[in-house]
Amino acid sequence: MGVLDGKIALVTGGASGIGLASARALAEAGAAVAIADLDADRGESTAKELVAAGARSLFVRTDATDEEQVAAMVGRVVDEFGGLDLALNNVGRGELGRTVTTTSLEKWNWILGMSLTSAWLGMKYEIPAMLARGGGAIVNMASSAGMSPQTTASPAYAAAKAGVVHLTRYAAKQYAAEGIRVNAVAPGLTLTPTVEAWFSPEAIAEQVSSGQFVERAVVPEEVAAAVVYLCSPAAAMVTGHTLPVSGGIA
Ligand SMILES: NC(=O)c1ccc[n+]([C@@H]2O[C@H](COP(=O)([O-])OP(=O)(O)OC[C@H]3O[C@@H](n4cnc5c(N)ncnc54)[C@H](O)[C@@H]3O)[C@@H](O)[C@H]2O)c1
């Protein structure tokens, strides 16, 4: 028996990194898992992997910043699986080496769209589907960069992720009486394909030794475990919170 047996989940950006690890962990805990991602090859292969492991799964190619596509994706999940109980709004992206004065308006808007608007858009369509089932649980992807100023993160990313933290708390208050819990996770530097492409092992070692109590990078499975907990009945009285998974920094 898994803690999420019979539940129906969706994960945006579920074909790589933290989203992929979370999709696997949600499926292992018993949930049917829909993968919503831009990358059709990796999305399809993730869904196939979960099915081969005994789960129900489905890939829906989706741009998480496009309202029509998000609405259609949630509709397809509800049609195919019969409803929606759990969602991880995981899509987000920053840029390297930018300060307040060297950020372009175009990149600012793109990063806000990817890292904050995508979480709101997801909730806009997930919440009505969950209300139709009498409740649900949502996890939004924040970041330690949105909890305290880290100048390795771009200002747009830091602001977007801080926005995710507050939006999470706001939505949690708005829908608590209707049975929907909304939380966030805030990973520290996590070894995903993007991070491994962006940073050398030396740069990763330097970042994790400046402020973290546990001086190593997070692995995606550690974030996924927090996601499963927040989705599970064990977290029934946990809502509006952002859970850091960051070795001791906020
Ligand atoms: N890796 C870290 O150190 C770290 C730390 C804190 C927070 N985060 C956050 O975790 C989340 C996942 O990061 P990751 O490092 O696992 O990323 P990743 O690059 O490994 O995976 C991102 C996935 O999102 C998909 N994607 C990109 N744009 C999309 C869009 N518009 N619509 C749908 N899918 C899209 C990609 O195809 C990919 O499968 C992000 O929100 C990121 O900001 C990451």
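Whatever order the structure lists them in is the order used to number ligands and atoms, beginning at 1.
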Is T117 close to T65 at the side-chain level, that is, under 4.5 Å between some pair of heavy atoms?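 No, side chains not in contact.
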
For residues 185-199, run the donor-acceptor check on the side chains, cut-off 3.5 Å, and write out each pair with its distance to 0.1 Å, sequence neighbours left out.
residue: T190; atom: OG1; partner: G188; partner atom: O; Å: 2.6
residue: T194; atom: OG1; partner: R93; partner atom: NH1; Å: 3.4

Would you say the side-chain atoms of D37 pair up with the backbone N or O of G14, donor to acceptor, closer than 3.5 Å?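 Between the backbone of G14 and the side chain of D37 there is a qualifying donor-acceptor contact (under 3.5 Å).
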
With sequence neighbours left out, what residues match K173 under salt bridge (charged side-chain N to carboxylate O under 4.0 Å, His left out)?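 Scan of K173 (salt bridge (charged side-chain N to carboxylate O under 4.0 Å, His left out), adjacent residues dropped) gives none.
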
Name all residues meeting the salt bridge (charged side-chain N to carboxylate O under 4.0 Å, His left out) criterion together with D39; count only those two or more places apart in sequence or in a different chain, and write none if there are none.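 Salt bridge (charged side-chain N to carboxylate O under 4.0 Å, His left out) check on D39 returns R42.
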
With a 4.0 Å heavy-atom cut-off, what residues sit around ligand 1?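 The 4.0 Å shell around ligand 1 contains G13, A15, S16, G17, I18, D37, L38, D39, T62, D63, A64, N90, V91, G92, R93, M114, M141, A142, S143, Y157, K161, P187, G188, L189, T190, T192, P193, T194, V195.
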
Salt-bridge present (E221, R24; N to O < 4.0 Å):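 No, E221 and R24 are not salt-bridged.
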
